[in-house]
Amino acid sequence: MAQRSPADEKDGAPARREKQGASAHAREKRDDDFDRDMLYRAIADTGRWAYGTVSVEAWVFSEQTGKLIRPERAFWFDPVVVHDGADNEALMRLVDHEREDFVRPDPLAPGIGLAGALWSELSHRNAFPAMNMQRHLSGRGAGVAQDGMNNVISLSRNVVWREVEPISNDPDQPYNLRLQLAVEAGIGLAAGVQFQFRGTKGLVIYMARGTTDVDKLKSVNNERYLLSAADVIGSIVAMRGPRHVCLEERRAEREAVRRRLKAKMVAFANIGGCFLHKNMHEGATPASSVKPQPATAHSKPSSSISGSKQQIGAPSGGSFKSKLRMIVRKWMGANNAPPPPMITSECIWTFCGCFLTLLMLLNFSNAISKRKPDYSLVLGPFGALMTLQYSLAAAPASQPRNAIIGQAIAIAVAMGSTYVPIETNLRRSLGTAIAITAMARLGVTHPPAGAAALIFTGGKESWGNMGIMLAGNVLAIVFATVINDMNVKRQYPTFWGFGHWRKMFFPAPKKNVE
């Protein structure tokens, strides 16, 4: 086998580094192109659907330089307007990148140019309110918006339209060529909306012609759309940095894995080469020339064969240690973050649901005890049921199918175990274990049913108490359905699932295929 000399390896190293550098540059370009395309699509879609808007651009404020910078492709101009205004030199100098006299958007200090003027004005109006603060449309008392949970939120930022020509003619405004060209291109009105996401501040500018109907521009629905679009554009701009960091981390992990695999492959290749080199120099006898020795009664097996048999027959000494390390590692946890605490409003809702439902169940139990003193509701499992229905309403164990069928199976198994003549502790342990296993096997696991099984295996309850327990579960489900579903943030139940059992016990008749 031909071996590469160290000189060849040394000569090939620069070529490999150059290839890796070109690959990294291509990845960075591909990532930047993806970011630019995503930002441009958001800006273009905003301009297409907003009323009267002929141009949209986004600017990002740099804390290091104190200037506004327009990202690449963060600009859209209505293609219909561009086509109709092909003879307008000012317009072409703003949108045609291939022209020699194309005016590029240079970074702007606050107060300079259209973006700087709008930025300064809006910065004095508000101090970047948080995105989750209540908002209202200034001068539009009826302007409201709804979030993903249908909660009504009023909008605090407003879209203030300004005439562009007075800004360009302002004697206190430094001369800016793009601003002058915008006026000559027919841009008569402009509005800016600030955004701030995770430390990224910026401005979205909407531009319209001077002949546009101002009342429609300032309509509640149009302003609400422009505000929401500014949030989307701002979030895309803010996502670029963290996204690149995540991509670099993923690539670094893949590169580390690749290097480890390469090192192992090189190590195996070196070991194989050493053995081959050693055999060639020692002149090893070919296997075909070795004659097998006849086995005798007194002959002993070779050491290699006996050693292999010993390794196969004996348990591995490292298996127990590896399992022990695995147990210790699992015992230390999976490093998952604990669930967040419930917010105050949801805690109040949980308190009210538990209080009202338990009050109803206690009165129900007292009413039964007054008529038949030997029967009452076993209340212990219902404390766990309240926890499931009002704190973990979306959990599968909280759903009506598990609460009713799981409870029926667990109590039936527990009551059946009382007829087995065995020691009490053994019966209670065995009956409860069988009940929990049966629920798990049938897919109706319900923790309160496990508690009920442990109580009923004691032998002090009767079959009548089982019916009362099931009736109490039905009443609790009715209350939980009404109380939880009055909250727009909750959904109970997430499924009923009784059709599965109907199909299991009463399958549909098979159709005869002739």
Side-chain angles (χ1 to χ4, degrees), residues 20 23-24 27 31 198 239 241-272 274-275 304 306-343 346-347 350 380-381 383-399 401-403 406 409-410 413 425-426 428-454 494-495:
Q20 292 174 358
S23 177
R27 288 196 300 266
D31 295 339
R198 298 189 178 275
M239 186 181 66
R243 176 179 173 273
H244 282 213
V245 173
C246 291
L247 289 175
E248 290 301 326
E249 290 180 353
R250 295 286 299 275
R251 287 175 183 140
E253 291 177 359
R254 289 197 295 266
E255 181 64 19
V257 172
R258 187 190 67 80
R259 290 180 178 178
R260 288 197 296 269
L261 291 176
K262 181 180 178 181
K264 290 182 179 180
M265 294 174 65
V266 171
F268 282 124
N270 291 337
I271 294 174
C274 291
F275 278 115
S304 60
S306 60
S308 62
K309 288 184 178 180
Q310 183 179 2
Q311 290 178 358
I312 295 175
S316 175
S319 61
F320 176 76
K321 293 182 179 179
S322 62
K323 289 185 178 180
L324 183 61
R325 286 195 297 267
M326 179 187 67
I327 294 172
V328 173
R329 185 172 63 253
K330 289 185 176 181
W331 173 78
M332 296 177 65
N335 294 326
N336 292 338
M342 187 178 290
I343 61 177
E346 293 300 308
C347 290
T350 298
L385 181 60
M386 296 303 100
T387 304
L388 289 175
Q389 289 182 332
Y390 295 104
S391 295
L392 298 170
S398 308
Q399 305 311 307
R401 186 187 73 164
N402 295 50
I409 293 174
V413 172
N425 290 340
L426 179 61
R428 300 186 71 177
S429 302
L430 180 63
T432 305
I434 294 175
I436 295 174
T437 304
M439 287 190 293
R441 180 64 182 86
L442 297 174
V444 288
T445 299
H446 188 59
L454 183 60
T494 57
F495 64 88

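Below, all heavy atoms of this structure are taken into account, side chains as well, without hydrogens, waters or symmetry copies. Everything numeric here is computed off the predicted structure, so don't read it as measured data.
- In plain terms, the two heavy atoms of T494 and A394 that are nearest each other are CG2-CA, 4.0 Å.
- Between K321 atom NZ and R325 atom CZ the span is 8.0 Å, to the nearest 0.5 Å.
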Could you list the donor-acceptor pairs under 3.5 angstrom formed by side chains in residues 432-440, with sequence neighbours left out?
residue: T432; atom: OG1; partner: R428; partner atom: O; Å: 2.8
residue: T437; atom: OG1; partner: A433; partner atom: O; Å: 2.7

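- Exactly one residue among R258, M265, R259 makes a side-chain contact (heavy atoms from CB on, under 4.5 Å) with K262. That residue is R258.
- For residues 383-395, every residue pair satisfying the side-chain hydrogen bond (donor to acceptor under 3.5 Å, both in side chains) rule, not counting sequence neighbours, is listed here: T357-Y390, Q389-Y492.
- Annotation: side chain of H446 is not in contact with side chain of I409 (no heavy-atom distance under 4.5 Å).
- Side chain of T445 to main chain of A397: no donor-acceptor pair is present (N/O by atom type, distance under 3.5 Å, no hydrogens or angles).
- Shown here is R250, whose CZ atom has no more than 12 heavy atoms of other residues, nucleotides or ligands within 6.0 Å.
- Remark: R251 engages D31, E248 in a salt bridge (Lys or Arg N to Asp or Glu O under 4.0 Å) (not counting sequence neighbours).
- Between V257 and R260, some side-chain heavy-atom pair lies under the 4.5 Å cut-off.
- Contacts of T350 classified as side-chain hydrogen bond (donor to acceptor under 3.5 Å, both in side chains), with partners at least two apart in sequence or in another chain: R490.
- Residues passing the side chain to side chain contact (heavy atoms under 4.5 Å, CB included) test with M326, sequence neighbours excluded: R329, K330.
- Of all the heavy atoms in A410 and A449, the pair that sits closest is CB-O, 3.5 Å.
- The side chain to side chain contact (heavy atoms under 4.5 Å, CB included) search around R441 returns none, not counting sequence neighbours.
- For S322 (side chain) and S319 (main-chain N/O), a donor-acceptor pair under 3.5 Å exists by modelled atom type.
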